[in-house]
Chemist: 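Provided herewith is a single structure, encoded as structure tokens, for subsequent inquiry.
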Amino acid sequence: MIIDGKQIAEEIILGLEKERDALAHQPRLGSVVGTEDRVTASYVALKERIAMRLGVTVVRETLAVGTTLERALVVVEQLCRTCDGVVVQLPLSPEIDTQKVLGAIDPARDIDAINPNTKEFERVIAAPVAEAIALIFSQVNADVRGKKAVVVGAGRLVGVPTERYLKSRGAQVEVITKSQGSLEALKDADIVVLGAGEPGLIQPSMLKEGVILIDGGTSEAGGKVVGDADPACAKVAAVFTPVPGGMGPIAIAMLFKNLFELAKHHR
């Protein structure tokens with residue numbers, strides 16, 4: 001089964017359109033943008049299109065090359081004072097300490113649930129990627145408990161929240177990175193979630209027949225946005241999310257769901 005992320009995202013957005021009129025004020029989204037590559041630009045553009053459709057005011061701040069950490073922290077703190085939710089589009093420029101910038105996001109405005117200083121019990125909402133995966137599993141009736149799950153990549157947006165979610169659901173989770181573990185672990189994995197950002201890293205021969213394969217890796221190759229999995233992996237997997245059009249649109253829709261949830265408690 002190939003997951004139609006655009007259709008699932010559309011259903012979420014339609015639900016938010018119905019909620020919009022019940023909100024006490026027009027939601028404001030603070031958007032911090034760093035590097036301007038093709039992948040970043042496509043995600044920012046999609047978020048802004050959905051925001052326009054939902055009547056969300058986007059306050060966009062660009063951290064150009066040469067921006068100091070001090071200036072970046074001021075930008076985030078200002079957005080936290082004036083917006084219902086704040087999102088930092090990664091990656092930031094190398095000269096900016098990303099950990100400190102993310103740590104400046106007010107947990108009550110952290111719609112990505114990405115602030116590294118926030119304890120699990122203090123998080124107001126779940127990470128959009130975790131919510132997207134949970135929804136996909138629900139739609140395909142996947143039972144996670146006791147299953148072997150492998151997460152490829154330990155990034156802040158995909159790897160970390162995915163590992164956290166799968167463990168909370170009772171899965172046996174192994175995280176593979178360039179310096180940790182081996183892709184040989186994929187051969188007997190029931191669930192594989194990709195977030196390495198390496199085009200075509202995973203081939204069908206590396207996977208077990210009937211695996212649930214969630215591709216959350218995005219990068220550019222040949223002028224196109226592609227995933228970590230070769231599209232041919234769909235022939236091996238029982239469930240497969242393509243890139244583009246798979247988990248990405250669902251996660252962005254969940255981001256706005258989080259924004260609406262926080263907006264209900266502000267002002």
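In what follows, every heavy atom counts, from backbone to side chain, and hydrogens, waters and symmetry copies are set aside.
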Chemist: At their closest point, which heavy atom of Gly216 faces which heavy atom of Val158, and how far apart are they?
Modeler: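 That closest heavy-atom pairing would be O-CG2, 3.6 Å.
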
Chemist: Hey, is Glu10 close enough to Arg53 for a salt bridge, meaning N to O under 4.0 Å?
Modeler: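 Looking at Glu10 and Arg53, the cut-off is met.
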
Chemist: Tell me whether Arg169 at atom CZ has more than 12 heavy atoms from other residues, nucleotides or ligands lying less than 6.0 Å away.
Modeler: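 No, the 6.0 Å shell around CZ holds no more than 12 heavy atoms from other groups.
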
Chemist: For Gln172 and Lys167, does a side-chain donor sit closer than 3.5 Å to a side-chain acceptor?
Modeler: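 There is no such pair between these side chains.
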
Chemist: Within the 4.5 Å heavy-atom criterion, are Leu207 and Cys233 side-chain neighbours or not?
Modeler: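 With C-beta onward as the side chain, the pair touches.
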
Chemist: Would Glu220 and Val225 count as a side chain to side chain contact (heavy atoms under 4.5 Å, CB included) if you check the C-alpha gap in whole Å, the side-chain angles of each, and the deciding distance to 0.1 Å?
Modeler: CA-CA 5 Å; Glu220 184 181 351; Val225 176; 5.8 Å; no

Chemist: Side chain to side chain contact (heavy atoms under 4.5 Å, CB included) for Leu186 and Val192? Distances and angles first, verdict last.
Modeler: CA-CA 7 Å; Leu186 299 178; Val192 174; 3.8 Å; yes

Chemist: Answer with yes or no whether the hydrophobic clustering places Leu201 together with Val151; edges join I, L, V, M, F, W, Y residues whose side-chain heavy atoms lie under 4.5 Å apart.
Modeler: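 Different clusters.
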
Chemist: Could you check if a side-chain atom of Leu213 sits within less than 4.5 angstrom of a side-chain atom of Thr241, using non-hydrogen atoms only?
Modeler: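 Counting from C-beta outward, Leu213 and Thr241 never come under 4.5 Å.
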
Chemist: Determine whether a donor-acceptor pair (N or O, by modelled atom type, separation under 3.5 Å) exists between the side chain of Thr162 and the backbone of Gly159.
Modeler: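 It does not hold such a pair.
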
Chemist: Salt bridge check: are Lys178 and Glu198 linked by an N-O gap of less than 4.0 Å?
Modeler: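 Salt bridge present between Lys178 and Glu198.
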
Chemist: Of all heavy-atom pairs between Asp84 and Gln26, which one has the smallest distance, and what is that distance?
Modeler: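 Residues Asp84 and Gln26, closest heavy atoms: OD2-O, 4.2 Å.
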
Chemist: Would you compute the distance between atom CE of Met206 and atom CG of Asp230 and round it to the nearest 0.5 angstrom?
Modeler: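 The distance works out to 11.0 Å.
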
Chemist: Any side-chain to backbone donor/acceptor pair from Ser182 onto Glu184? Under 3.5 Å, distance only.
Modeler: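 Yes; judged by distance alone, with no hydrogens or angles, the pair exists.
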
Chemist: Would you compute the distance between atom NZ of Lys147 and atom CZ of Phe137 and round it to the nearest 0.5 angstrom?
Modeler: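 Rounded to the nearest 0.5 Å, the NZ-CZ separation comes out at 9.5 Å.
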
Chemist: How about Leu23 and Lys264: do any of their side-chain heavy atoms sit closer than 4.5 Å?
Modeler: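 Yes. Closest side-chain heavy atoms under 4.5 Å.
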
Chemist: Please round to the nearest 0.5 Å and tell me the distance separating atom CD1 of Ile136 and atom CD of Glu131.
Modeler: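 If we round to the nearest 0.5 Å, Ile136:CD1 and Glu131:CD are 12.0 Å apart.
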
Chemist: Verify the cluster assignment for Ile111 and Leu46: are they in a single hydrophobic cluster under the rule of side-chain heavy atoms below 4.5 Å apart?
Modeler: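 Looking at the clustering, Leu46 is in the same group as Ile111.
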
Chemist: Less than 4.5 Å apart, any side-chain heavy atom of Gln78 and any of Val74?
Modeler: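 Result yes, sub-4.5 Å side-chain heavy-atom pair found.
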
Chemist: Heavy-atom distance under 4.5 Å between the side chains of Ile96 and Thr67, does that happen here?
Modeler: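 The answer is yes, as the side chains (C-beta and beyond) meet within the 4.5 Å cut-off.
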
Chemist: Between Asp215 and Val243, is there a donor-acceptor pair closer than 3.5 Å when you use the side chain of the first and the backbone of the second?
Modeler: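 Not confirmed, Asp215 side chain does not pair with Val243 backbone.
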
Chemist: As an exercise, state the distance from CG of Leu157 to CD of Gln89, rounded to the nearest 0.5 Å.
Modeler: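 Between atom CG of Leu157 and atom CD of Gln89 there are 7.5 Å.
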
Chemist: Of the non-hydrogen atoms in Arg164 and Ala127, which two are nearest, and what is the gap between them?
Modeler: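 That would be NH2-CB, 4.3 Å.
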
Chemist: Report the distance from atom CZ of Arg109 to atom CG of Leu262, rounding to the nearest 0.5 Å.
Modeler: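 Atom-to-atom, Arg109:CZ and Leu262:CG are 8.0 Å apart.
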
Chemist: Asp97 and Leu69: which non-hydrogen atoms are nearest, and at how many Å?
Modeler: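 Smallest interatomic distance, heavy atoms only, reads O-CD1, 3.9 Å.
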
Chemist: Side chain of Asp110, backbone of Ala113: donor and acceptor closer than 3.5 Å?
Modeler: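 Yes, the answer is positive, given that a donor and an acceptor are paired below the 3.5 Å cut-off.
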
Chemist: Hydrophobic clustering (ILVMFWY, side-chain heavy atoms < 4.5 Å, transitive) - are Ile12 and Val87 grouped together?
Modeler: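 Hydrophobic grouping puts Val87 with Ile12.
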
Chemist: side-chain contact (heavy atoms from CB on, under 4.5 Å) with Arg28: which of Thr57, Val58, Leu259, Leu79?
Modeler: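 Result for side-chain contact (heavy atoms from CB on, under 4.5 Å) with Arg28: Thr57.
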
Chemist: Please evaluate residues Glu17 and Leu54 with respect to the criterion side chain to side chain contact (heavy atoms under 4.5 Å, CB included), reporting the C-alpha separation (whole Å), side-chain torsions for both, the decisive distance (0.1 Å), and the verdict.
Modeler: CA-CA 6 Å; Glu17 285 181 327; Leu54 292 175; 3.6 Å; yes

Chemist: Is there a side-chain contact between Glu61 and Val33 in this structure, where contact means two heavy atoms from C-beta onward sitting under 4.5 Å apart?
Modeler: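 When only atoms from C-beta onward are counted, Val33 and Glu61 do not touch, as no gap falls below 4.5 Å.
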
Chemist: Between Val152 and Val150, does the side chain to side chain contact (heavy atoms under 4.5 Å, CB included) criterion hold? Intermediate values first, please.
Modeler: CA-CA 6 Å; Val152 181; Val150 174; 4.2 Å; yes

Chemist: Does a salt bridge link Lys257 with Glu261, judged by any charged N lying under 4.0 Å from a carboxylate O?
Modeler: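 Salt bridge absent between Lys257 and Glu261.
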
Chemist: Group every Ile, Leu, Val, Met, Phe, Trp and Tyr by side-chain heavy-atom contacts under 4.5 Å, then state whether Ile202 and Val226 land in the same group.
Modeler: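 Cluster IDs for Ile202 and Val226 differ.
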
Chemist: Out of curiosity, Phe256 CZ to Leu16 CG, how far, rounded to the nearest 0.5 Å?
Modeler: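 Atom-to-atom, Phe256:CZ and Leu16:CG are 9.0 Å apart.
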
Chemist: Just so I know, are the side chains of Thr68 and Arg71 near enough to count as touching, which here means a heavy-atom distance under 4.5 Å?
Modeler: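 They are in contact (side-chain heavy atoms under 4.5 Å apart), so the answer is yes.
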
Chemist: Indicate the atoms forming the closest heavy-atom contact of Thr177 with Ala154, along with that distance.
Modeler: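 Here Thr177 and Ala154 meet closest at CG2-CB, 3.8 Å.
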
Chemist: Are the side chain of Gln180 and the backbone N or O of Val175 linked by a donor-acceptor pair below 3.5 Å?
Modeler: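 Here the side-chain-to-backbone pair exists.
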
Chemist: How far apart are the closest heavy atoms of Pro27 and Phe260, and which atoms are they?
Modeler: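 Answer, listing the atom of Pro27 first, then Phe260: CG-CE1, 4.2 Å.
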
Chemist: Run through Thr98, Val101, Thr40 and flag the one making a side-chain contact (heavy atoms from CB on, under 4.5 Å) with Leu90.
Modeler: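 Only one of Thr98, Val101, Thr40 forms a side-chain contact (heavy atoms from CB on, under 4.5 Å) with Leu90, namely Thr98.
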
Chemist: Are Val44 and Ile13 connected, step by step, through hydrophobic side chains (Ile, Leu, Val, Met, Phe, Trp, Tyr) whose heavy atoms are closer than 4.5 Å?
Modeler: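 Looking at the clustering, Ile13 is in a separate group from Val44.
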
Chemist: Kindly indicate whether the side chain of Val88, heavy atoms from C-beta on, has any atom under 4.5 Å from the side chain of Ile105.
Modeler: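 Yes, side chains in contact.
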
Chemist: Main chain of Ile114, side chain of Asp112: is a donor-acceptor contact present, judged purely on distance under 3.5 Å?
Modeler: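 Between the backbone of Ile114 and the side chain of Asp112 there is no qualifying donor-acceptor contact (under 3.5 Å).
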
